[in-house]
Amino acid sequence: SGGTATPARAAISTVKLAKRTGRLTSRFADHITDRIKRVLPADRAAEIYKSAPLTELPRALMKGADQAELGKLTSVFQDLGSISSTAGNTAALRMLKHVDTPTDLEKLATVARIGGKRTLAWTDRFGADLLKLAKPAAKLTARVVAEIAVLIASALLAILSAVLGFGLKR
């Protein structure tokens with residue numbers, strides 16, 4: 001469990017630092033705040049704090065959380081963790097200024113998977129316009145990979161056919 005918590009902690013730290021340094025857009029900050037409130041509303045949290053024994057409090061809070069909303073929040077932090085691991089923590093922090101919605105973050109994660117360390121240079125150059133191109137570019141990349149795989153398979157079949165058709169001469 002410690003290994004899975006580390007990326008989440010890193011993502012939360014990145015969001016906190018982005019907020020403190022003014023790199024987190026107000027729309028995205030509002031989204032995260034709203035999502036956290038939906039995961040565990042204050043009144044439900046207060047009931048759990050009052051009724052659960054201290055040793056069972058973390059488990060009780062998780063049990064009381066809205067699991068669907070928790071999944072959505074987790075997805076946001078997974079995308080941020082993906083960006084940090086592929087493009088770097090500093091780059092992720094700087095690129096958050098282009099993110100207003102979870103969809104923007106998902107697109108940025110797609111760009112980071114394709115561009116790796118170059119992603120920051122791309123976002124510096126193209127800004128938010130880069131996010132508009134992210135999904136079509138990812139689909140194009142997947143299509144090109146699929147076409148290359150078909151070409152390789154065709155070449156292998158041709159070689160296999162030639163070997164089987166003509167046999168190996170000794």
Side-chain angles (χ1 to χ4, degrees), residues 1-40 58 61-62 65-161:
S1 153
T4 57
T6 302
R9 284 189 188 120
I12 291 168
S13 295
T14 300
V15 168
K16 286 180 179 178
L17 187 57
K19 186 169 174 77
R20 271 189 255 130
T21 59
R23 291 191 170 116
L24 190 65
T25 66
S26 61
R27 281 188 64 202
F28 195 58
D30 290 347
H31 169 78
I32 291 173
T33 301
D34 182 56
R35 188 67 57 205
I36 290 169
K37 288 177 183 176
R38 288 180 185 197
V39 168
L40 190 62
L61 288 169
M62 283 303 292
D66 181 317
Q67 297 303 308
E69 292 295 334
L70 183 59
K72 293 174 186 176
L73 185 62
T74 300
S75 177
V76 167
F77 286 111
Q78 286 172 337
D79 284 339
L80 185 54
S82 173
I83 294 165
S84 294
S85 66
T86 55
N89 292 331
T90 302
L93 181 65
R94 287 180 52 194
M95 291 185 289
L96 276 176
K97 68 182 177 186
H98 300 292
V99 174
D100 284 328
T101 66
T103 303
D104 289 346
L105 189 66
E106 182 182 350
K107 289 177 182 179
L108 188 57
T110 300
V111 172
R113 279 191 295 279
I114 295 168
K117 299 288 183 192
R118 297 174 299 203
T119 307
L120 179 58
W122 293 350
T123 56
D124 284 347
R125 171 71 173 90
F126 298 107
D129 289 339
L130 181 65
L131 300 180
K132 293 175 188 169
L133 302 172
K135 288 292 182 181
K139 287 179 185 175
L140 179 62
T141 301
R143 183 174 167 201
V144 168
V145 168
E147 288 178 11
I148 291 171
V150 167
L151 288 173
I152 291 171
S154 297
L156 289 174
L157 284 174
I159 292 169
L160 183 60
S161 175

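On a predicted model such as this, the values are computed, not experimentally measured, just so you know.
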Could you walk me through whether L108 and D104 pass the side chain to side chain contact (heavy atoms under 4.5 Å, CB included) test, one step at a time?
CA-CA 6 Å; L108 188 57; D104 289 346; over 6 Å; no
List the steps, then state whether side chain to side chain contact (heavy atoms under 4.5 Å, CB included) holds for D66 with L40.
CA-CA 6 Å; D66 181 317; L40 190 62; over 6 Å; no
Any side-chain heavy atom of L96 within less than 4.5 Å of one from L80?
yes
Just verifying a value: how many Å separate T14 OG1 and L93 CG, rounded to the nearest 0.5 Å?
6.5 Å
Sequence neighbours left out, what passes side-chain hydrogen bond (donor to acceptor under 3.5 Å, both in side chains) with D124? Give chain and number order.
R94
Which value, rounded to the nearest 0.5 Å, describes the distance between M95 atom CE and L105 atom CG?
9.5 Å
Run the side chain to side chain contact (heavy atoms under 4.5 Å, CB included) check on F28 and T101 step by step: do they pass?
CA-CA 6 Å; F28 195 58; T101 66; 5.7 Å; no
With sequence neighbours excluded, what pairs up with S85 under the side chain to side chain contact (heavy atoms under 4.5 Å, CB included) test?
none
Listed partners of K37 passing side chain to side chain contact (heavy atoms under 4.5 Å, CB included), at least two apart:
T33
Could you tell me if the side chain of L120 sits less than 4.5 Å from the side chain of T123, heavy atoms only?
yes
Distance-minimising heavy-atom pair for K117 and A87
CD-O, 3.7 Å
For residues 68-79, tabulate all N or O donor-acceptor pairs below 3.5 Å that involve a side-chain atom, not counting sequence neighbours.
residue, atom, partner, partner atom, Å
E69, OE1, R35, NH1, 2.2
T74, OG1, L70, O, 2.7

Those residues that, when tested against R113, pass side-chain hydrogen bond (donor to acceptor under 3.5 Å, both in side chains) (two or more places apart)
T110
Rounded to the nearest 0.5 Å, what separation is found between the CD1 atom of I83 and the CG atom of N89?
11.5 Å
Check side-chain hydrogen bond (donor to acceptor under 3.5 Å, both in side chains) between T25 and all other residues, then give those that pass, not counting sequence neighbours.
D100
Side chain of R118, backbone of G115: donor and acceptor closer than 3.5 Å?
yes
